[in-house]
Amino acid sequence: MSLDRGGVAIGAQFLGAAAVWGASFLFIKVAVDGLSTAQVVLGRLFCGAVVLALIMLVTRRRWPRGIRVWSHLTAIGAIMCVAPFLLFSWAAQYLPSGLSSIYNATTPIATMLVALAILPDERLTKIKMTGLFVAAGGVIVVAAPWDTIADTTNGMFFWAQLACLGGTTCYGLGFTYTRRFLRKYDYDAITVSASQIGAGAVIILLLTPFIGMSPVSLTPGIVVSVVVLGGIGTGIAYVWYTNVINAWGATNASTVTYLTPITGIILGTLILGETIIWNQIVGGIIIIIAILVGQGRLRPTHHSPVTRPHTQAAEEARTPS
């Protein structure tokens with residue numbers, strides 16, 4: 001990573017993606033004050049689809065062709081965009097935005113777990129098993145079931161946390177599905193992102209009349225939150241992240257996962273006045289350690305190089321929040 005103009009620009013895009021994806025939970029929290037869950041997702045995906053379609057037009061990229069590839073892209077749009085965005089938006093009604101960002105950091109672990117269950121070439125190594133156990137411990141510390149049992153005033157708090165874990169599981173399914181079924185197609189990340197987000201926008205547009213028809217209360221803050229959440233977080237940030245992958249490689253680029261919870265917690269605390277409890281910070285640190293362990297980054301480096309465990313699924317796990 002050089003310090004020339006190109007290196008500085010890539011570094012800025014890396015930090016920009018981390019900041020935007022970390023702030024997305026703040027924007028969701030603001031948006032659900034005046035919009036239903038489905039309406040937030042519709043606005044988000046519509047804005048993201050418009051931005052990415054314009055990028056496709058300006059860069060003269062060709063859209064995918066064929067029923068088979070579009071069936072896969074539509075499935076990915078449902079799994080990676082519609083379902084997790086709905087789950088995180090619903091959870092935002094009951095959880096602090098910083099806590100949601102911590103749960104979002106479990107995406108690489110969820111991807112690893114799904115890949116182990118679905119992909120025939122994935123193997124459960126000691127490193128991966130250790131990472132999964134550490135991650136489970138981190139999630140338990142964050143969830144603090146001892147407090148949930150004792151506190152009966154917020155009956156939806158437990159279910160909202162499960163919804164966040166469901167969202168990261170959807171991300172894991174989506175990344176694994178992408179790896180398995182789109183590997184043979186020669187499309188870059190921008191084309192795939194534009195296609196899946198566009199397909200997701202169509203899906204949520206069809207669903208909203210049935211699941212999202214509630215009164216709308218718009219304020220400047222809600223409008224700005226939806227536009228930024230969609231246009232930048234679900235649009236431009238994908239382009240930034242693609243550039244980082246091309247410049248630094250998937251392994252280095254995936255470290256954005258470690259920064260998004262920090263951004264989410266800081267913004268939630270400063271702007272929304274949220275309180276983060278000690279167990280949430282400790283659990284978040286444990287989850288990050290689990291990611292490092294599962295990806296094999298905490299192994300001693302003084303041994304002779306041998307065949308590395310296959311961690312492609314975890315390396316490909318982005319954090320589209």
Side-chain angles (χ1 to χ4, degrees), residues 38 41-42 44-88 107-108 110-123 166-211 230 233-243 245-246 249-250 253-254 310-321:
V41 178
L42 175 61
R44 175 180 187 174
L45 286 177
F46 175 78
C47 293
V50 168
V51 169
L52 288 171
L54 289 174
I55 293 174
M56 292 284 291
L57 180 64
V58 170
T59 58
R60 297 183 179 181
R61 283 177 163 82
R62 295 181 60 184
W63 291 91
R65 296 180 179 180
I67 296 178
R68 181 180 294 273
V69 65
W70 271 107
S71 65
H72 290 314
L73 289 167
T74 302
I76 294 169
I79 297 170
M80 285 197 64
C81 299
V82 178
F85 290 177
L86 284 172
L87 288 167
F88 273 107
T107 297
T111 304
M112 184 191 307
L113 189 60
V114 172
L116 287 169
I118 294 178
L119 297 181
D121 58 341
E122 285 290 326
R123 297 292 182 267
T168 59
T169 301
C170 289
Y171 288 143
L173 285 168
F175 288 127
T176 305
Y177 189 104
T178 301
R179 177 181 161 194
R180 181 168 183 176
F181 293 105
L182 289 188
R183 179 185 292 179
K184 60 183 178 181
Y185 297 103
D186 188 21
Y187 298 118
D188 63 13
I190 293 177
T191 300
V192 172
S193 296
S195 301
Q196 73 184 41
I197 290 172
V202 173
I203 293 172
I204 193 62
L205 179 63
L206 297 175
L207 289 177
T208 299
F210 302 99
I211 64 174
T234 313
I236 294 176
Y238 276 89
V239 180
W240 292 343
Y241 191 70
T242 300
N243 292 335
I245 290 176
N246 292 336
S254 68
H310 188 59
T311 59
Q312 181 177 355
E315 291 178 353
E316 290 175 351
R318 304 171 190 173
T319 314
S321 334

By side chain to side chain contact (heavy atoms under 4.5 Å, CB included), which residues pair with [X], not counting sequence neighbours?
X	value
I118	V114, L173, T176, R180
T59	I55, R61
A110	T168
A201	L45, A49

Could you state the interatomic distance from [atom1] ([X]) to [atom2] ([Y]), rounded to the nearest 0.5 Å?
X	Y	atom1	atom2	answer
I211	L206	CD1	CG	10.5 Å
S71	I76	OG	CD1	9.5 Å
F175	I79	CZ	CD1	12.0 Å
T74	Q196	OG1	CD	10.5 Å
L42	I203	CG	CD1	12.5 Å

For the residue pair [X] and [Y], establish whether any side-chain heavy-atom pair is separated by less than 4.5 Å.
X	Y	answer
T208	V41	no
L86	I204	yes
C170	M80	no
S195	Y187	no

* Taking it one step at a time, do V239 and V51 satisfy side chain to side chain contact (heavy atoms under 4.5 Å, CB included)? -> CA-CA 10 Å; V239 180; V51 169; over 6 Å; no

* Asked: Who pairs with Y185 by ring pair (Phe, Tyr, Trp, His ring centres under 6.0 Å), at least two apart in sequence or on another chain?
  ->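 Applying ring pair (Phe, Tyr, Trp, His ring centres under 6.0 Å) to Y185 gives none.
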
* To do: Could I get the full list of ring pair (Phe, Tyr, Trp, His ring centres under 6.0 Å) partners for Y177, not counting sequence neighbours?
  =>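 Y177 satisfies ring pair (Phe, Tyr, Trp, His ring centres under 6.0 Å) with H72, F181 only.
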
* State, to 0.1 Å, how close W70 and P64 come at their nearest heavy-atom pair, and which atoms those are. =>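 Looking at all heavy atoms of both residues, the shortest contact is NE1-O, 2.7 Å.
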
* To do: Please name all residues satisfying salt bridge (charged side-chain N to carboxylate O under 4.0 Å, His left out) with R68, sequence neighbours left out, ordered by chain then number.
  =>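 With sequence neighbours excluded, R68 shows a salt bridge (charged side-chain N to carboxylate O under 4.0 Å, His left out) to no residue whatsoever.
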
* side chain to side chain donor-acceptor pair (under 3.5 Å) involving T191 - partner list, sequence neighbours excluded ->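 For T191, the residues satisfying side chain to side chain donor-acceptor pair (under 3.5 Å) (neighbours in sequence not counted) are D188.
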
* **Verdict with supporting geometry, T234 and F85, side chain to side chain contact (heavy atoms under 4.5 Å, CB included)** => CA-CA 11 Å; T234 313; F85 290 177; 4.2 Å; yes

* Asked: Does any pair with a residue in residues 47-58 pass side-chain hydrogen bond (donor to acceptor under 3.5 Å, both in side chains), and if so which ones, sequence neighbours excluded?
  ->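 For residues 47-58: none.
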
